[in-house]
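All chains are named by letter (A, B, ...) in the order of the sequence lines, taking the proteins before the strands, and each is independently numbered beginning at 1. Everything numeric here is computed off the predicted structure, so don't read it as measured data.
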Amino acid sequence: MSATHSSPALSVYNTLTRRKEPLAPLRPGEVRLYVCGPTVYSWVHIGNARTFTVFDVVVRYLRHRGYRVSYVRNYTDVDDKIINAARETGEDPAALAERFIEAFEDDARALGLLSPDVSPRVTEVIPEIRALIQALLDQGVAYAAGGDVYFQVSCWPEYAKLSRRNLDDLRAGERVTPGEHKREPLDFALWKAEKPGEPAWDAPWGRGRPGWHIECSAMSEKYLGTTFDIHGGGLDLIFPHHENEIAQSEAAQHIPLAKVWMHAGFLELENAKMSKSLGNVVQLRHALAKVDPEALRLFFLSSHYRNQLAFSDDALADAEKRMEYFYETLQRVDERLGGREVKPGPLHGDPDVHLRAFEQAMDDDFNTAGALAALSGLFAQLNEYLDKPPAPDRAMVVRTLATLRAVVPTMGGVLGILQSSPLAWLERRRDRLVAQRKLDRELVERLIAERSEARKQKDFARSDAMRNRLLEMGVELRDGAGGTQWKVRS
RNA sequence: GGCGCCAUCGCCAAGUGGUAAGGCAAGGGUCUGCAAAACCCUCAUUCCCCGGUUCGAAUCCGGGUGGCGCCUCCA
């Protein structure tokens with residue numbers, strides 16, 4: 001079922017060149033990927049979650065295509081925001097960072113994000129950061145001033161090649177923050193001099209802590225080497241963060257930092273980017289309390305990763321309904337198959353068309369919306385085989401159904417959805433809705449039993465009255481061969 | 001002001017030169033005691049507007065209009 005990586009068809013949009021390029025890993029068969037992870041000063045929001053889900057699917061798909069993937073996603077655990085947050089709570093900055101790393105890992109697990117192969121922390125790579133800064137000082141592209149160390153942008157002619165900005169315009173808009181010792185406004189801090197009560201490490205040019213950008217240069221080099229395949233992050237990191245990473249690393253190493261730069265689009269809320277200043281932030285943990293994690297992933301993947309995506313309750317409700325359709329279909333299929341051994345034999349039609357369409361879409365810069373269309377095609381066919389078998393040979397129909405069913409975990413595994421057993425998922429969802437609507441489960445079940453009794457006696461007026469009463473409570477009934485099933489209306 | 005992105009059916013959303021995927025909603029049908037679910041059928045000669053290139057454009061070019069992002073911490 002797994003595709004081979006010999007096919008050269010996978011193309012990826014590269015922010016550096018502003019075009020789609022065939023993926024050509026530096027080491028055959030292996031992709032090295034670095035994603036800028038969270039700064040752990042608070043709980044992550046759903047915008048962060050979208051970006052991390054995007055790269056989660058990138059990793060999953062590359063592995064599906066047969067690549068070995070080395071996936072590194074860092075934690076920024078030393079930073080102004082952490083220090084400020086710690087000051088407010090009266091906590092030690094390190095303790096606060098640790099607390100939010102744990103919170104992040106809980107959220108990530110709940111969302112079904114794969115663990116990266118390495119999740120380095122800035123505080124673990126201080127020696128590497130010092131070495132990198134020293135190299136930049138030695139080469140004369142950085143300078144120490146007042147205990148700080150700055151990168152001198154004017155020494156790096158390629159500066160702004162990623163964001164394609166005009167340096168004069170940047171200089172015009174740049175403001176000088178009091179207390180800094182920059183020679184030129186565009187210069188940025190590699191090292192910040194120690195301030196009272198702040199975490200600090202020794203360094204030849206004075207005690208202090210790393211600037212924001214240097215950490216990713218140090219961590220990516222440590223774990224992936226001097227040139228790796230893909231560097232990813234949110235759109236807003238293009239400038240200045242990724243620009244500065246490129247400047248530092250390439251000025252020090254004289255070879256490219258990464259071949260391909262991938263950037264995920266924003267999740268927007270109420271027609272605006274989510275930001276703390278606008279007060280329109282939805283934390284991931286709060287979203288997950290209300291919506292099924294796989295439904296949230298489905299929502300993230302419903303649009304191409306580079307597009308803006310608007311977050312809304314309606315969109316989430318749609319996604320959850322769709323997940324319910326998937327799982328109800330799977331449950332029906334599993335009931336029909338009944339765990340029987342399916343003997344090999346001729347199949348009806350070509351069961352591979354869906355996976356081929358899925359891979360074709362994913363090969364095109366991870367077009368998950370297109371891939372979802374292929375998944376829809378698979379489910380439509382599953383239902384068709386259940387209700388209206390297109391061939392008279394029953395054994396062949398069952399074989400084909402089983403073959404199609406086996407494709408579901410393959411596609412689902414790439415997208416990180418459909419990972420539950422249908423029954424477990426459907427029950428979990430119903431339980432959640434029962435709790436949310438504060439339904440009296442015993443009453444529901446008693447009414448259903450009474451209605452079944454009425455139906456048995458062909459008292460359809462009474463039966464229908466009870467159906468309507470339940471419907472008013474939001475409970476929908478399904479009469480089937482095995483009795484009456486119920487679900488909560490969404 | 002500089003740089004960049006986007007505009008496709010009521011809604012969400014693929015499609016980057018060859019004649020409009022998919023989902024939701026809606027209407028009709030099959031099934032059902034009635035329902036529900038599922039299935040079948042219908043649902044954009046047309047892709048914000050104007051002009052151009054081309055045998056051919058939603059797709060390329062020019063000009064508008066509208067929305068958004070980055071330029072300061074930001075996924």
Review point. Counting only side-chain N and O atoms of A:K321, is one of them less than 4.0 Å from OP1 or OP2 of B:G23?
Key: no
Which nucleotide in the set [options] lies at the smallest distance from any side-chain heavy atom of [X]?
{"X": "A:F266", "options": "B:G33, B:C39, B:G69", "result": "B:G69"}
{"X": "A:R478", "options": "B:A37, B:C68, B:G2", "result": "B:A37"}
{"X": "A:L237", "options": "B:G33, B:C39, B:A75", "result": "B:A75"}
{"X": "A:R322", "options": "B:G2, B:C34, B:C24", "result": "B:C24"}
{"X": "A:N48", "options": "B:A21, B:A75, B:A38", "result": "B:A75"}
{"X": "A:D464", "options": "B:A75, B:G33, B:C39", "result": "B:G33"}
{"X": "A:R332", "options": "B:A38, B:G22, B:A37", "result": "B:A38"}
{"X": "A:D479", "options": "B:C71, B:A35, B:A75", "result": "B:A35"}

Check your understanding: To the nearest Å, how far apart are A:L372 CG and B:G15 P?
Key -> 13 Å
Revision key, fill the gap. Quick tally for nucleotides 7-14 of chain B: nucleotides whose base has a protein heavy atom under 4.0 Å get B, sugar-phosphate-only ones S, the rest -, giving ------SS
List the atom pairs, donor and acceptor, that lie under 3.5 Å between side-chain atoms in residues 51-58 of chain A and the rest of the protein, sequence neighbours left out.
{"from": "A:T53", "atom 1": "OG1", "to": "A:A49", "atom 2": "O", "distance (Å)": "2.7"}
{"from": "A:D56", "atom 1": "OD1", "to": "A:L114", "atom 2": "N", "distance (Å)": "2.7"}
{"from": "A:D56", "atom 1": "OD2", "to": "A:R60", "atom 2": "NE", "distance (Å)": "2.7"}
{"from": "A:D56", "atom 1": "OD2", "to": "A:R297", "atom 2": "NH1", "distance (Å)": "3.2"}
{"from": "A:D56", "atom 1": "OD2", "to": "A:R297", "atom 2": "NH2", "distance (Å)": "2.6"}

Distance check, [atom1] atoms only: [N] and [M], in whole angstrom units.
{"N": "B:C43", "M": "B:G52", "atom1": "P", "answer": "33 Å"}
{"N": "B:A20", "M": "B:G28", "atom1": "C1'", "answer": "24 Å"}
{"N": "B:A14", "M": "B:A75", "atom1": "P", "answer": "24 Å"}
{"N": "B:G29", "M": "B:C11", "atom1": "C1'", "answer": "25 Å"}
{"N": "B:G62", "M": "B:U42", "atom1": "P", "answer": "41 Å"}

Exercise for review: Please list, chain by chain and in numerical order, all residues satisfying salt bridge (Lys or Arg N to Asp or Glu O under 4.0 Å) with A:R462, sequence neighbours excluded.
Suggested key: none
Point to revise | Pairing residues for A:E324 by the salt bridge (Lys or Arg N to Asp or Glu O under 4.0 Å) criterion, not counting sequence neighbours | key: A:R429, A:K487
Revision key, fill the gap. Residues passing the ring-ring contact (aromatic ring centres under 6.0 Å, His included) test with A:H231, sequence neighbours excluded, are A:Y34, A:F228, A:H242, A:W261
Practice item. Applying ring-ring contact (aromatic ring centres under 6.0 Å, His included), name anything that partners A:Y159, two or more places apart in sequence or on another chain. Key: none
**Study point:** Side-chain H-bond candidate by donor/acceptor type, A:Q381 with A:H354, under 3.5 Å
**Key:** yes
